[in-house]
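We count residues from 1, following the sequence as given.
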Amino acid sequence: MEKVKLPKEVAEAIETLENAEITTFGIICSLAYEIWGHSEHASEAHKVLRKFSFGNSGGNTDVLLKALVNGYELDLTPEEKVLSEYKARQPSSDYGNAYRQGVRDTLNAYGIKIEGVNA
């Protein structure tokens, strides 16, 4: 099965609940309830998952269930994608230096600031 792409805050919420030793089944069952009887961290994570699942007409419930069962990866924002590629090019090579400078020049030309790249 193919992994589902999830926003960072949803992936972090799942990890918070897993770190609190809440099983996948427990997470799935909890989505049916408004109130969560665990720690404040777990309660906040639960709210994030409910908002993702049932917000915007509930279109993400199946997405979340697939992610919990089949696994997931982060759906990076454009800024996160640029930062990831930027960091992947090592400045110790001529190519890496040129690539990084090209990214910085392009972002600066368009007035875009990305923390860790040109901000």
Side-chain angles (χ1 to χ4, degrees):
M1 288 292 202
E2 190 173 314
K3 289 185 176 183
V4 175
K5 291 191 179 220
L6 292 179
K8 186 176 183 177
E9 66 272 5
V10 174
E12 288 173 349
I14 291 171
E15 289 171 15
T16 296
L17 296 176
E18 288 173 342
N19 289 338
E21 298 183 1
I22 299 168
T23 65
T24 299
F25 182 72
I27 294 171
I28 291 170
C29 289
S30 75
L31 293 174
Y33 300 100
E34 293 277 338
I35 299 172
W36 181 257
H38 288 277
S39 71
E40 188 175 326
H41 262 9
S43 292
E44 287 304 313
H46 180 252
K47 288 177 189 175
V48 169
L49 296 185
R50 283 192 53 82
K51 182 178 178 184
F52 177 77
S53 296
F54 301 112
N56 299 326
S57 304
N60 290 324
T61 306
D62 287 345
V63 172
L64 183 59
L65 293 175
K66 287 177 186 175
L68 289 168
V69 173
N70 301 327
Y72 59 90
E73 54 190 35
L74 288 180
D75 188 14
L76 299 175
T77 65
E79 291 83 1
E80 291 168 332
K81 288 177 185 176
V82 169
L83 179 60
S84 176
E85 289 296 320
Y86 181 84
K87 286 183 174 181
R89 303 309 191 275
Q90 296 302 316
S92 58
S93 71
D94 288 340
Y95 172 77
N97 281 330
Y99 180 91
R100 286 172 159 235
Q101 188 61 51
V103 169
R104 287 191 302 269
D105 290 346
T106 301
L107 292 174
N108 290 334
Y110 285 96
I112 300 169
K113 298 291 182 193
I114 298 178
E115 189 69 36
V117 178
N118 68 334

- prompt: Does Ile27 offer a backbone N or O that forms a donor-acceptor pair with the side chain of Ser30 under 3.5 Å?
  reply: yes
- prompt: What heavy-atom pair brings Ala13 and Leu49 nearest, and what distance separates the two atoms?
  reply: CB-CD2, 3.9 Å
- request: Find the distance between CD (Glu15) and CD (Glu18) and round it off to the nearest 0.5 Å.
  value: 7.0 Å
- request: Considering non-hydrogen atoms only, spot the tightest contact between Phe54 and Leu31 and give its length.
  value: CE1-O, 3.2 Å
query: Given a cutoff of under 4.5 Å between side-chain heavy atoms of I, L, V, M, F, W and Y, with clusters grown through shared members, what are the other residues clustered with Leu83?
result: Val82, Tyr86, Tyr95, Tyr99, Val103, Leu107, Tyr110, Ile112, Ile114, Val117
message: So, taking the atom named CD1 in Ile14 and the one named CG in Asn19, what distance separates them when rounded to the nearest 0.5 Å?
response: 12.0 Å
message: Please give me the minimum heavy-atom distance between Glu9 and Val48, naming the atom from each residue.
response: O-CG1, 3.6 Å
- prompt: So with a 6.0 Å cut-off around NZ of Lys113, is the heavy-atom count from everything else above 12?
  reply: yes
message: Using a strict threshold of under 4.0 Å (side-chain N to carboxylate O), is an ion pair present between Arg89 and Glu85?
response: yes
query: Roughly how far, to the nearest 0.5 Å, is the NZ atom of Lys8 from the CG atom of Leu74?
result: 7.5 Å
task: Decide yes or no on side-chain contact (heavy atoms from CB on, under 4.5 Å) for Asn70 and Val4, but give the supporting numbers first.
output: CA-CA 8 Å; Asn70 301 327; Val4 175; 5.6 Å; no
message: For residues Val10 and Leu76: do they belong to one hydrophobic cluster (side chain heavy atoms under 4.5 Å, members Ile, Leu, Val, Met, Phe, Trp, Tyr)?
response: no
Pairwise distance CD(Glu79) to CD(Glu115) - rounded to 0.5 angstrom: 12.0 Å
- prompt: Does any N or O in the side chain of Thr106 come within less than 3.5 Å of the main-chain N or O of Gly102, such that one atom is a donor and the other an acceptor?
  reply: yes
- line: The reported gap from CD1 in Ile22 to SG in Cys29 (rounded to nearest 0.5 angstrom) is 12.0 Å
query: Nearest 0.5 Å, what's the CG-CG distance between Asn108 and Asn118?
result: 4.5 Å
query: So which heavy atom on Gln90 is nearest to which on Lys87, and how close?
result: NE2-O, 3.6 Å
